[in-house]
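Everything below concerns the one structure shown next.
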Number of protein chains: 2
Amino acid sequence: MPGTPREPRSGRPTLRDVAEKAEVSAMTASRVLRDDPRVLPATRDRVRAAAAALGYRPNELARRLRLGRGTGLVGLVVTNLANPFYSRLALGLDSVLGADGLKTVIGNTGQDPEAERELVADLVGRRVDGIVAVPAGDDQCHLAAAAADGVPVVLASRPPRGFAADCVLVDDYGGARDATARLLARGHRRIGFLGSPPAVYTGTERLRGYRAALSAASLCPDARHIRQGQTQPHEAERAAAELLALPDPPTALFCSNNRNTIGAFRAVRAARADVALAGFDDFELADALGLPLTLVTYDSDELGRAAGRLLLDRIRERGTADTAGTADTADTADTADTAGTADTAGADARRVVLATELVEYGG
Amino acid sequence: MPGTPREPRSGRPTLRDVAEKAEVSAMTASRVLRDDPRVLPATRDRVRAAAAALGYRPNELARRLRLGRGTGLVGLVVTNLANPFYSRLALGLDSVLGADGLKTVIGNTGQDPEAERELVADLVGRRVDGIVAVPAGDDQCHLAAAAADGVPVVLASRPPRGFAADCVLVDDYGGARDATARLLARGHRRIGFLGSPPAVYTGTERLRGYRAALSAASLCPDARHIRQGQTQPHEAERAAAELLALPDPPTALFCSNNRNTIGAFRAVRAARADVALAGFDDFELADALGLPLTLVTYDSDELGRAAGRLLLDRIRERGTADTAGTADTADTADTADTAGTADTAGADARRVVLATELVEYGG
DNA sequence: CTGTTAGCGCGTTCAT
DNA sequence: ATGAACGCGCTAACAG
């Protein structure tokens, strides 16, 4: 005979084990454990006892496979979980998903685009019910592919490029503009900029905001005062130090994220320079640095929660829509071949933008 | 007829779809996609083309179910992912697991013991291949149950209570003792203690270390100078302020974690008091606070990596051991009833302890 | 109320 | 080199 018939399976007790022990069929056991009412109380108790004795836990995977309702898993794709920004995102996301019985699978790419591709492919293979991603580079083909495969995708902090997907953004432009404007209002005229690599969406948006504020004040930003490309505080510190060493150094700095703000702070303090500091992102102890600091803040947990809500909507949408095709009982057989084109029906992509707020520290 | 025979299934293309399109049997398609060599190159190409055209992705879940080799998922149970301590743990863990093709499922309990129970049960139901946990309270029954169910469990930062499991710890006692000893060496005699609730293992171990240092200097710690129970910086700040307001206040404070250190720092600065500060856990900007600070540091990523390695060992162990029972072809049927007792065979529980180091900031 | 049949998507075993 | 049957663990549909 092909399969080994009734070998004492290695691992955990199965539904049939429970059924045999309770001397009922697997079906009855299944009903009991699913709290199906139409079961004789006596039988129910026997089954429950058997299950308890065996330490039976239903195999959620097999069940989901049978039900075809998805895995109850959502993939989270980020570059660096150690960054508080991402860990808060993860937390906010998980809190919303968890309330709906979904679990979050983390995928840390460490800035590697190739790792990101593989990760997304792996998640799709695992049949996650959805993906929340903060893509590292500007190539989002893998996400587009996943979306085309019918996996709901939500982007956080960056908009989709080249395909349709929901996203939740921060008001990068407005926040940066307002913070820069505040420096201008204090009389600063030479304001430097420290930011992430140009490929990073948030960084360039914030640069746009910075430029807009300068333009509004009829100022032309000095190209030598703009430094992009710093990812870590020590890189930012070095870049800031170089700006401060210029013949006519800036009297204020705007930093496009907390890594750059912290680096700039160190440089300014080391140089004992009288330079005003402003930056995007709040961070712990920002108020304790002994330097005046203007920060653009926002609710970073809400970023994750909003992403979670968008995703949940799409997941539910997919669950109910099902076979709501246009033509009914179509028998034109040759159309079957052209299947496989994106199934991104539903409503158009939504975009949530989180407001920012300016706070002043130190002084 | 029962099951709807050949309805155009809703979701994604399946192996059979590929097979039909390539005009081969499902088996052949399966072989091609698994790179089985014994297949005619021509057939192989047809199948590959069909798969590509359909955008086919093998269902990893169904595959794993069939193979019975587990899900490739590992559960991580922590109280607060927003705390850098836990996010680094997650990162270190995921880096080790990812190299072996395993994915990490996060479970954030938010200090709620009940949530922790449910979470662990859910993870077991999902058939994770293992669990890494930092239990919140001292009741670890749920973890013990999981372990008894045959799921490898590794504890991080706290030892198992009431059952056998691998764990990776930090040298809480030694680190706290050394830091306190350094304060003593500087001439301090009244040293306060700020720490987490008594139920937290690390907190009480660090308290033990603090006490040991005092004893070694023939000092008896003043009970009024010991404050446990602070979880957040603002609670710690308040507690520290109360210590500083005492008739004969401590001239130095030892804090059992970074939440307490940060709170204490704020209190000391607010009071402009000349109080020396020491604490467990490093944190960003600790060097920039303008106050001398002695910190007990350790490699918090390594905590996660070590946990990952321990877990991987156990998972592999379980994979190979399989049916290595003692008796062969045993037919003594009545022993089947007593199944369900812990299967925690393998080697005895291992315990990894991470070394700590003292660093001095500020000054 | 309970048992039988069938199949989710896949891979192993045996046959051709 | 390819295909048929069977089962992983579980449940919806139909009997009885």
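The model shown is predicted, which means the values in this text are computed figures rather than measured ones.
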From dC8(D), dT2(D), dT11(D), nucleotide with atom closest to T43(B) side chain: dT2(D)
Any R63(A) side-chain N or O less than 4.0 Å from OP1/OP2 of dT11(D): yes
Length of the line joining L33(A):CG and dT11(D):C1', which is rounded to integer Å: 12 Å
With side-chain contact (heavy atoms from CB on, under 4.5 Å) as the test, would you mind laying out the steps for V78(B) and T109(B) before giving the verdict? CA-CA 6 Å; V78(B) 298; T109(B) 63; over 6 Å; no
Given DNA chain D, 5'-ward residue of the pair A62(A) and V24(B), judged by closest heavy atom: V24(B)
N59(A) side chain: which of dT2(C), dC10(D), dC8(D) is closest? dC10(D)
Roughly how bent is the helix from dC1(C)-dG16(D) to dT16(C)-dA1(D) end to end, in steps of 10 degrees, with each end axis from five pairs? 50°
With a 4.0 Å cut-off on N to O distance, would you call R350(A) and D313(A) a salt bridge? yes
Among dG3(D), dT11(D), dC1(C), the nucleotide that comes nearest once only the side chain of R31(B) is considered: dG3(D)
Which whole-number value in Å describes the distance from R127(A) CZ to dC10(C) P? 7 Å
What is the distance from CG of L40(A) to C1' of dC1(C), rounded to the nearest Å? 7 Å
Rounded to whole Å, please give me the gap between CG in L54(B) and C1' in dG9(C). 15 Å
Rounded to the nearest 0.5 Å, how far does CG of L65(A) lie from CZ of R64(B)? 14.5 Å
Provide, to the nearest angstrom, the distance between the CG atom belonging to L15(B) and the P atom belonging to dG3(D). 12 Å
Between CG of L65(B) and C1' of dG9(C) the distance, given in whole Å, is 9 Å
Salt bridge R12(A)-D149(B), side-chain N to carboxylate O under 4.0 Å: yes
Of V134(A), V132(A), V105(A), L97(A), the one forming a side chain to side chain contact (heavy atoms under 4.5 Å, CB included) with L76(A) is V132(A)
May I ask you to evaluate whether S25(A) reaches the phosphate of dT4(C), defined as a side-chain N or O under 4.0 Å from OP1 or OP2? no
From the candidates dT2(D), dA12(D), dC10(C), the one with an atom nearest any side-chain atom of R66(B) is dC10(C)
Determine whether R63(A) and E60(A) satisfy the following criterion, side-chain contact (heavy atoms from CB on, under 4.5 Å), listing intermediate values before the conclusion. CA-CA 5 Å; R63(A) 148 192 277 267; E60(A) 209 47 48; 2.9 Å; yes
Quickly work out the L61(A) CG to dG9(C) P distance and round it to whole Å. 14 Å
As a test of reading the structure: which of dA5(D), dT2(D), dC1(C) is closest to the side chain of R38(A), going by heavy atoms? dC1(C)
When you check the gap from the basic side-chain N to the acidic O, do D122(B) and R127(B) get nearer than 4.0 Å? no
Between CZ of R64(A) and C1' of dG9(C) the distance, given in whole Å, is 17 Å
Show your reasoning for whether salt bridge (Lys or Arg N to Asp or Glu O under 4.0 Å) applies to R161(A) and D139(A). CA-CA 8 Å; R161(A) 293 177 67 85; D139(A) 177 17; over 6 Å; no
If the cut-off is 4.0 Å, is T14(A) near the phosphate of dC8(D), judged by side-chain N/O to OP1 or OP2? no
Nearest to the side chain of T28(A) - dT12(C), dC10(C), dG3(C)? dG3(C)
